[in-house]
Amino acid sequence: MAFFEVKGISKNFGGLKAVNNLSFSMEKGEILGMIGPNGAGKTTAFNMIAGYFPPDEGEIFFNGENITGMRPWDICHRGIVRTFQLSKPFGDLSVLENIMVGAFHHQHNRVLTKAKAEEVLEFIDMVDKRYVEAHNLTVSDRKNLELGRALATDPQLLLLDEVVAGANPTEAQAMMHLIRKIRDKGITILIVEHNAPPTKPPAMKKC
Ligand SMILES: Nc1ncnc2c1ncn2[C@@H]1O[C@H](COP(=O)(O)OP(=O)(O)O)[C@@H](O)[C@H]1O
Ligand SMILES: [Mg+2]
């Protein structure tokens with residue numbers, strides 16, 4: 001069985017079929033891109049995988065376990081974490097404190113949590129912004145912080161929802177570099193994006 005497998009999941013909102021019979025699988029260490037225009041159902045697929053709501057049909061397997069319908073915290077505990085298309089950090093908390101929120105998921109000791117957050121800060125190259133309150137960050141730095149918060153939970157599978165949307169080309173390049181660096185740590189990455197070179201949607205690409 002694959003490391004991560006989605007089998008025929010669907011979701012209806014009233015009369016609208018947002019996701020229709022989606023299937024794919026991933027092996028450890030892969031980066032898989034899911035590309036589609038706005039409204040294609042990408043975020044809805046993430047919401048089902050991450051447990052925000054269950055699929056109407058189909059099943060999701062992770063590390064050989066059926067995780068369909070589990071709650072978000074149980075799924076996060078198993079090693080799947082997602083970022084949000086619209087990042088909403090705790091505005092009055094610093095960058096460091098926001099990352100600590102993620103680190104508290106596994107660790108309840110404040111000193112160790114801070115050490116974990118410091119390590120992540122360095123990894124995402126935001127050491128110099130550690131004391132900046134999140135509401136003062138640029139869109140691109142907010143996306144970086146969102147990634148940092150997710151990484152601090154020590155995920156095995158990272159779901160990235162449009163992390164380069166709104167970024168300029170230089171910021172987008174920096175984000176792609178960071179994503180490969182995360183993969184090189186052994187973390188598997190599923191990334192959805194509508195900001196992509198022209199293709200025939202829907203399309204999936206392994207990198
Ligand atoms: N919670 C919801 N309730 C009702 N309709 C929704 C909900 N979430 C998404 N939709 C609808 O489902 C479709 C797919 O949305 P979404 O998954 O956000 O697409 P994408 O992320 O690809 O832009 C859209 O038509 C959207 O309006
Ligand atoms: Mg979306």
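Heads up: numbering here begins at 1 and tracks the sequence. Both counts, for ligands and for their atoms, begin at 1 and track the order of listing.
Remark: K143 does not engage E171 in a salt bridge, criterion side-chain N to carboxylate O under 4.0 Å. For the pair E146 and R142, the salt-bridge criterion is not met [side-chain N within less than 4.0 Å of a carboxylate O].
Scanning all heavy atoms of the two residues, the minimum distance from I99 to G148 falls at CG2-O, 3.9 Å. P155 approaches L151 most closely through the heavy-atom pair CD-O, 3.5 Å. The shortest non-hydrogen separation linking L157 to I189 is CD1-N, 4.4 Å.
Heavy-atom contacts from other residues, nucleotides or ligands closer than 6.0 Å to NE2 of H135 number more than 12. Other residues, nucleotides and ligands place no more than 12 heavy atoms under 6.0 Å from the CG atom of D125. Around the CZ atom of F53, the shell of radius 6.0 Å holds more than 12 heavy atoms that belong to other residues, nucleotides or ligands.
Ranking protein heavy atoms by distance to atom 11 (C) of ligand 1, first place goes to L16 CD2, 3.6 Å. Atom 19 (O) of ligand 1 has its closest protein heavy atom at G41 N, 3.2 Å. For atom 2 (C) of ligand 1, the nearest non-hydrogen atom of the protein is F13 CE2, 3.5 Å. Ranking protein heavy atoms by distance to atom 17 (O) of ligand 1, first place goes to T44 OG1, 2.6 Å. What sits closest to atom 18 (O) of ligand 1 on the protein, heavy atoms only, is T43 CB, 3.7 Å. The protein heavy-atom contact nearest to atom 23 (O) of ligand 1 is G39 N, 2.7 Å.
Listed by number with element, the atoms of ligand 1 under 4.0 Å from a non-hydrogen atom of N38 are 23 (O). Interface of A40 with ligand 1, defined as ligand atoms under 4.0 Å from a residue heavy atom, comprises 19 (O), 20 (P), 22 (O).
Taking the Mg ion (ligand 2) as the corner point, the angle from T43 atom OG1 to Q85 atom OE1 is about 90° (rounded to 10 degrees).
Note on ring orientation: taking the six-membered ring where Trp is involved, the planes of F84 and Y52 are perpendicular (angle over 60°, cut-offs 30° and 60°).
Checked against a 3.5 angstrom limit, the closest N/O atoms of Q85 and ligand 1 fall outside it. For the pair F53 and ligand 1, the shortest N or O to N or O distance does not fall below 3.5 Å.
Under 2.8 Å from the Mg ion (ligand 2) lies no N/O/S atom of T44, from backbone or side chain alike.
The nearest protein heavy atom to atom 27 (O) of ligand 1 is not closer than 4.0 Å.
Residue contacts with ligand 1, taken as heavy atom pairs separated by less than 4.0 Å, involve P37 solely via the backbone atoms N, CA, C and O.
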